[in-house]
*Asks:* 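Would you mind keeping the following structure in view while I ask a few things?
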Amino acid sequence: AGAKEDSFNVLDLVEYTKNRPWWRKVFAPSSGSSAEKYNVATQLVIGGVTGWCTGFIFQKVGKLAATAVGGGFFLLQIANHTGYIKVDWKLVERDVNKAKQQLKFHSSDNRTSTEVKSRVDEVIIFLKKNVILTGGFAGGFLLGMAS
């Protein structure tokens with residue numbers, strides 16, 4: 001009997017994922033934009049509900065983060081004033097100046113990587129194709145932040 005030859009297809013996952021962003025998998029790559037799948041009212045409701053939920057969560061997390069940072073700073077000031085800790089302000093100033101210099105260096109270098117540009121372009125194309133969904137999301141987000 002002859003030996004059976006097995007043939008395998010090799011899939012390079014790195015190249016495959018570069019060509020297929022996650023949102024294309026979610027919104028079905030062959031169907032184009034979600035505007036083709038849902039009517040205007042459905043898109044507005046989906047965008048509005050997800051935007052409101054995101055805005056509401058963002059607001060709560062933002063308040064919690066602001067409270068934590070402010071409370072931590074307040075506790076550090078009390079501990080410094082009462083003598084529990086000593087802050088080396090010259091070291092703090094030196095580190096802040098070093099960070100400023102690094103930010104100036106990075107901001108003067110206006111070159112943006114091609115990968116970042118391609119990702120931004122893909123997001124802009126997605127937003128243009130789904131204007132109604134995006135508008136509903138933005139409105140819901142603002143309502144969520146306000147509530």
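Along the sequence shown, the residues carry numbers beginning at 1. The structure displayed is predicted, hence computed values, not measured ones.
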*Asks:* By side-chain contact (heavy atoms from CB on, under 4.5 Å), which residues pair with Thr67, not counting sequence neighbours?
*Replies:*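 side-chain contact (heavy atoms from CB on, under 4.5 Å) list for Thr67, sorted by chain: empty.
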*Asks:* Can you measure from CE (Met145) to CG (Leu142) and round to the nearest 0.5 angstrom?
*Replies:* 8.0 Å
*Asks:* If you group Ile, Leu, Val, Met, Phe, Trp and Tyr whenever their side-chain heavy atoms sit less than 4.5 Å apart, what else falls in with Leu75?
*Replies:*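 Answer for Leu75: none, a lone residue.
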*Asks:* When clusters are formed by joining ILVMFWY residues with side-chain heavy atoms under 4.5 Å apart, either directly or through shared neighbours, do Phe56 and Leu143 land in the same one?
*Replies:*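 The answer is yes; both residues are in one hydrophobic cluster.
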*Asks:* CZ/Arg119 to CG/Asp121 distance, rounded to the nearest 0.5 angstrom?
*Replies:*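 Here the interatomic distance stands at 11.0 Å.
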*Asks:* Using a 4.5 Å cut-off between side-chain heavy atoms of Ile, Leu, Val, Met, Phe, Trp and Tyr, which other residues end up in the same hydrophobic cluster as Ile125?
*Replies:*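 Answer for Ile125: none, a lone residue.
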*Asks:* Atom CD1 in Ile46, atom CD1 in Ile132: separation rounded to 0.5 Å?
*Replies:* 11.5 Å
*Asks:* Sort and list the pairs that fulfil side-chain hydrogen bond (donor to acceptor under 3.5 Å, both in side chains) and have at least one residue in residues 79-89, not counting sequence neighbours.
*Replies:*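 Pairs touching residues 79-89 that pass the test: none.
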*Asks:* Can you tell me how far apart CD (Gln43) and CZ (Phe137) are? Round to the nearest 0.5 Å.
*Replies:* 14.5 Å
*Asks:* Supply the atom-to-atom distance Asp95 CG to Lys90 NZ, rounded to the nearest 0.5 angstrom.
*Replies:*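 Between Asp95 CG and Lys90 NZ, I get 14.0 Å after rounding to 0.5 Å.
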*Asks:* Show which residues join Val49 in its hydrophobic cluster (side-chain heavy-atom contacts under 4.5 Å, direct or indirect), or state none.
*Replies:* Val45
*Asks:* My understanding is that a hydrophobic cluster links ILVMFWY residues whose side chain heavy atoms are under 4.5 Å apart, including indirect links. Using that, what else belongs to the cluster containing Phe73?
*Replies:*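 Its cluster mates, by chain and number: none.
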